[in-house]
Amino acid sequence: MGSTTSCCVSASPKLRRNAHSRLESYQQESELSREETGCNLQHISDRENVDELNMEYNPSDHPRASTIFLSKSQNDEVPSRSVREKRKSLFVNNHGTMRRKYSSCSTIFLDDNTVSQPNLKYTIKCVALAIYYHIKNRDTDGAMLLDIFDEKLHPLSKSEVPLDYNHHDPEQKQIYRFVRTLFSSAQLTAECAIVTLVYLERLMTYAEIDICPGNWKRIVLGAILLASKVWDDQAVWNVDYCQILKDITVEDMNELERQFLELLQFNINVPSSVYAKYYFDLRSLSESNNLSFPLEPLNRDKAQKLEAISRLCDDKYKDARRAARKRSASMDNLCGIRWVPAILS
C-alpha cells in the first residue's frame, strides 16, 4: 500500500487503458515530503491526467472522444434496406413524399424525449441500432471470442446452437426484441439503456474485443445487468434475470458479472458529460437512419408541465439573481434581460 503502484491493478490481458491509467508514477512537486504529510496517495489532478492524444481510444470515459457506434454507422456507405429504406419515418406523409414538421407561431412541435427523461421505446430502438452497426461493421472477421461471452459455451437457451452461429449477422429487429424483452421484464428505465451502451463500448475499448454474432447476446446481457445495478437504486437481482431467461443459471450470471467488471477494471463511473454525449449521438443516429422521435403539437397539458418546470428552475436560481442585482454594475449592464412570461392560448 505504500508504493507508487497499487495492488488493485488488474492482470487482464490486452487492456488498452494503460495510456489512461490513473496509477501513473507520481512526482512530488510540493515542498512537503510524503513522510511529512503522512500520505502516499497521488493527487487527484495527477490521477485524472489523461493523454489527449489517446482520447479517441476511450470514448466511454472522455466527452470529447467520438462514440464508436456513430463512427461505424457513418462508415456504412450503402445502408441495408432492412434498416433504413423499409423503416417508416414520421417525416414521411401518406403520399410518400418527404415532409418535415416545423414549428410556427400558432403550433409548436415537440418530441417526448429529453436528455433528463429519454423516451424508453425509441431509446431502446436507437441502442439496438447502435449494436447492429457494431456487429455489422466490426473491425475483424472472426474476432477472438472470450469464453464467458461465447454463446456456444454458455448458451442462453436449451435450443441447439448452430455450427455457423458466428457467421450470420443478426437483424436490427432481432437485437431490438432481445433488449426490449429484458427492459420490459425487468422494468428498466431509458437512462439505463444509455448507460448500457456506454459500458458496452468501454468493454470493447478496454478488452480489445469486437461484438460479433457469437457473443453479442451475452455482452449485451452483462452490460444491462451492470447498468441496472449502477443506475437504479433498487436494482434487479441476478436471480430475477433467471426468471426472464429460463435456461440460464444464477452461477452463470454471477460469473458473467464478475468477469465483466474485471474487464472494465471496475470502472463503472459514467460522467454526466459522457452520458449527454451518448444521448445526443443516439439522436444523430436516429435522424440519419430515419428513426425519428415522434413529434406532437404542444397542447395545454404539456405547456403547463413545462411552465411548472420553468418555475422550479426560476425559484432555484432566484436567490442567485437577487445577489447579482445587489452588486454594483457598469453602464453597459443597465439594460438587463427582462423576464417576460409566455402567453399560452
Side-chain angles (χ1 to χ4, degrees), residues 5-6 8-24 47-76 127-154 165-167 169-170 175 194-227 230 255-271 274 277-278 281 285:
T5 58
S6 174
C8 298
V9 178
S10 175
S12 300
K14 292 187 178 181
L15 292 178
R16 193 179 288 177
R17 202 184 178 201
N18 294 334
H20 315 288
S21 178
R22 300 181 182 180
L23 301 173
E24 300 173 351
R47 285 180 280 153
E48 296 293 340
N49 186 19
V50 180
D51 186 5
E52 294 184 359
L53 296 178
N54 296 323
M55 288 180 60
E56 58 179 343
Y57 299 112
N58 213 345
S60 62
D61 285 334
H62 309 292
R64 286 181 289 174
S66 59
T67 54
I68 303 176
F69 72 88
L70 190 61
S71 301
K72 290 187 176 182
S73 65
Q74 294 172 352
N75 294 334
D76 193 11
V127 171
L129 185 60
I131 298 173
Y132 168 82
Y133 279 117
H134 272 301
I135 301 174
K136 181 181 179 182
N137 298 328
R138 55 188 180 274
D139 296 334
T140 57
D141 192 8
M144 177 187 64
L145 288 178
L146 297 179
D147 292 343
I148 191 60
F149 300 129
D150 194 346
E151 194 173 350
K152 184 71 173 180
L153 300 177
H154 303 276
Y165 70 103
N166 197 30
H167 299 284
D169 295 346
I175 302 174
I194 300 177
V195 178
T196 297
L197 187 59
V198 175
Y199 288 158
L200 190 144
E201 294 202 346
R202 185 172 294 175
L203 176 71
M204 296 175 58
T205 305
Y206 287 9
E208 292 187 349
I209 63 175
D210 288 323
I211 304 178
C212 58
N215 63 6
W216 71 270
K217 285 187 178 180
R218 291 186 61 84
I219 289 180
V220 172
L221 176 61
I224 293 176
L225 170 66
L226 190 59
V230 174
E255 184 66 17
L256 177 64
E257 180 184 7
R258 185 184 67 82
Q259 293 198 28
F260 203 106
L261 281 170
E262 288 183 354
L263 292 173
L264 293 185
Q265 291 190 338
F266 298 92
N267 180 18
I268 58 176
N269 178 43
V270 179
V274 172
K277 177 187 66 176
Y278 272 80
D281 282 357
L285 180 67

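What you see below is based on every heavy atom in this structure, not just the backbone, and it leaves out hydrogens, waters and symmetry mates. These numbers were taken from a predicted model, which means no experiment stands behind them.
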Are the side chain of [X] and the backbone N or O of [Y] linked by a donor-acceptor pair below 3.5 Å?
X	Y	result
K277	A65	yes
N269	D61	no
D210	R138	no
N267	L264	no

Can you tell if the side chain of T205 reaches within under 4.5 Å of the side chain of I68, non-hydrogen atoms only?
-> yes

Do P170 and P213 touch side chain to side chain, with heavy atoms closer than 4.5 Å?
->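 The answer is yes; the side chains approach within 4.5 Å.
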
Residues in side chain to side chain donor-acceptor pair (under 3.5 Å) with [X], at least two apart?
X	result
S60	R202
Q259	E255
Y199	none

Reported [atom1]-to-[atom2] distance for the pair [X] and [Y], which is rounded to 0.5 angstrom:
X	Y	atom1	atom2	value
E151	L221	CD	CG	10.5 Å
L285	L129	CG	CG	4.5 Å
F69	L200	CZ	CG	10.5 Å
E201	I211	CD	CD1	8.0 Å
T196	I219	OG1	CD1	13.0 Å
Y133	Q74	OH	CD	10.5 Å

Show the numbers, then the answer: is there a side-chain contact (heavy atoms from CB on, under 4.5 Å) between I175 and I135?
-> CA-CA 10 Å; I175 302 174; I135 301 174; 4.0 Å; yes

Are N215 and L146 close enough, and set up right, to give a side-chain contact (heavy atoms from CB on, under 4.5 Å), and what steps lead you there?
-> CA-CA 8 Å; N215 63 6; L146 297 179; over 6 Å; no

Take V270 and V230 through the test side-chain contact (heavy atoms from CB on, under 4.5 Å) and record every step on the way to the result.
-> CA-CA 10 Å; V270 179; V230 174; 5.9 Å; no

Please name the pair of heavy atoms, one in S66 and one in S71, separated by the smallest distance, quoted to 0.1 Å.
-> OG-OG, 3.8 Å

Measure up the F149 and F260 rings against each other and bin them: parallel (under 30°), tilted (30 to 60°), perpendicular (over 60°).
-> perpendicular

